[in-house]
Amino acid sequence: MIFDNALPAALAVAVVLDWLIGDPRWLWGRLKHPVVILGSLIDGLDRHVNHGGAARRRIAGFAVLAAIMVLATVAGILLASLGWVVEAIVIAILLAQRDLHDQVKNVATSLRRDGLEEGRRMVGHIVGRDTGQLDSHGISRAAIESCAENFADGVVAPLFWYVVAGLPGLLVCKAVNTLDSMIGHRDPLHHAFGQASARCDDLLNLLPARLSAVVVAGASIFMTGADPRSSLQAAWRDARYHRSPNAGWPEAAFAGALGIAIAGPRRYAGTLVNDAWMGDGRAACTPDDIDAALRLYVRSCVIAASLCVLLIL
């Protein structure tokens, strides 16, 4: 991309703004969040064009992906033309640093204060697996996995694509990620229709996921008790065995740094998925491990954002 002198300021202000206010309920209780608006559009398209045979669904899904990407690109160009202040606000809205931190922190707090049922309920807000039978270790692992995976998807990937292609790149990244989360499933209704969106999301996260593992290992240097060497070793050794082509990198990096094991067998819609373990430490995670993961997450966010600002100076 051709860098503008205002872009480093926009990004720096956006990162600080996101950490200060996150996604305030007082605002988004009155207005619709842009991702919610996009979700409504995707849901409408899903209901109206996702029908017929597999070939037709696949073509329709590709057309929806293309249309949403064009819409995000145009929106990004228009918003960027309004100046760096507007650009900073948009970036802050679409980054997920503070919101992810708070949601993961809520799991640890609920598990300590209110017990298993409330811990299961809170972790159910941030993971897609069955949570009804999770014990305290399973709840803690799930929270840490969500923290790690969403660090790559919700922080590193948007920052990466902003560096590469400015605001249009960031908006396309978020739009495709939203598409994947809504229609990129393997159920009979969406397997063909969401295939293009799922593959595109995998492609857009290919480099960010791997870079996130390096960032996490780097952040481990600045955290007492974390091991940067084990972080890199776990990512290199275990990530390839994850059922996702990308999620294993940040998950294994977090696990190796903290001396724990996450992922492993889990249930989705009543079906046991025998996923590989990320990390070779203890699987009996606790709320204290969630706290440690959050400390590592904050350091990783600071490093990722700082590097991106430096890259566009």
- Query: If only atom types and distance count, is the side chain of His33 paired as donor or acceptor with the main-chain N or O of Gly29 below 3.5 Å?
  - Reply: no

- All heavy atoms of Ala252 vs all of Asp238, minimum pair found to be CB-CB, 4.2 Å

- Message: Whether Arg282 and Asp289 form a salt bridge (side-chain N of Lys/Arg under 4.0 Å from carboxylate O of Asp/Glu) is what I want to check.
- Response: yes

- Task: Give a yes or no answer on whether the side chain of Asp275 reaches the backbone of Gly264 with a donor-acceptor pair at less than 3.5 Å.
- Result: no

- Message: For Gly194, is there any backbone N or O sitting under 3.5 Å from a side-chain donor or acceptor partner on Ser197?
- Response: no

- Task: Could you tell me whether a side-chain N or O of Ser181 sits under 3.5 Å from a main-chain N or O of Thr178, the two making a donor and an acceptor?
- Result: yes

- Task: Verify the distance criterion only: is there a donor paired with an acceptor across the side chains of Asn106 and Asp102 at less than 3.5 Å?
- Result: no

- Task: May I ask you to check if Arg243 and Tyr268 form a cation-pi contact, with NZ or CZ under 6.0 angstrom from the six-membered ring centre and within 45° of the axis?
- Result: yes

- Message: Tell me if a side-chain donor or acceptor on Ser231 pairs with a main-chain N or O of Ala253 at a distance below 3.5 Å.
- Response: yes

- Item | Spatial distance of atom CG (Leu179) from atom CG (Leu38) [nearest 0.5 Å] | 6.5 Å

- Query: Should the pair Asp291-Lys105 be classified as a salt bridge under the 4.0 Å nitrogen-to-oxygen rule?
  - Reply: yes

- Donor-acceptor side-chain pairing of Gln133 and Arg267 below 3.5 angstrom: no

- Message: Rounded at 0.5 Å granularity, tell me how far CG in Leu65 sits from CD1 in Ile42.
- Response: 10.0 Å

- Message: With no hydrogens and no angle check, just 3.5 Å: does a side-chain donor-acceptor pair link His125 and Gln103?
- Response: no

- Residues Asn246 and Arg210: side-chain donor-acceptor under 3.5 angstrom: yes

- Task: Answer yes or no: is there an ion pair linking Arg129 with Glu145, defined by an N-O contact shorter than 4.0 Å?
- Result: yes

- Message: Checking Asp46 against His190: is there a side-chain donor and acceptor pair closer than 3.5 Å?
- Response: yes

- Task: Kindly say whether Asn50 contributes a backbone atom to a donor-acceptor pair with the side chain of Arg57 at under 3.5 angstrom?
- Result: yes

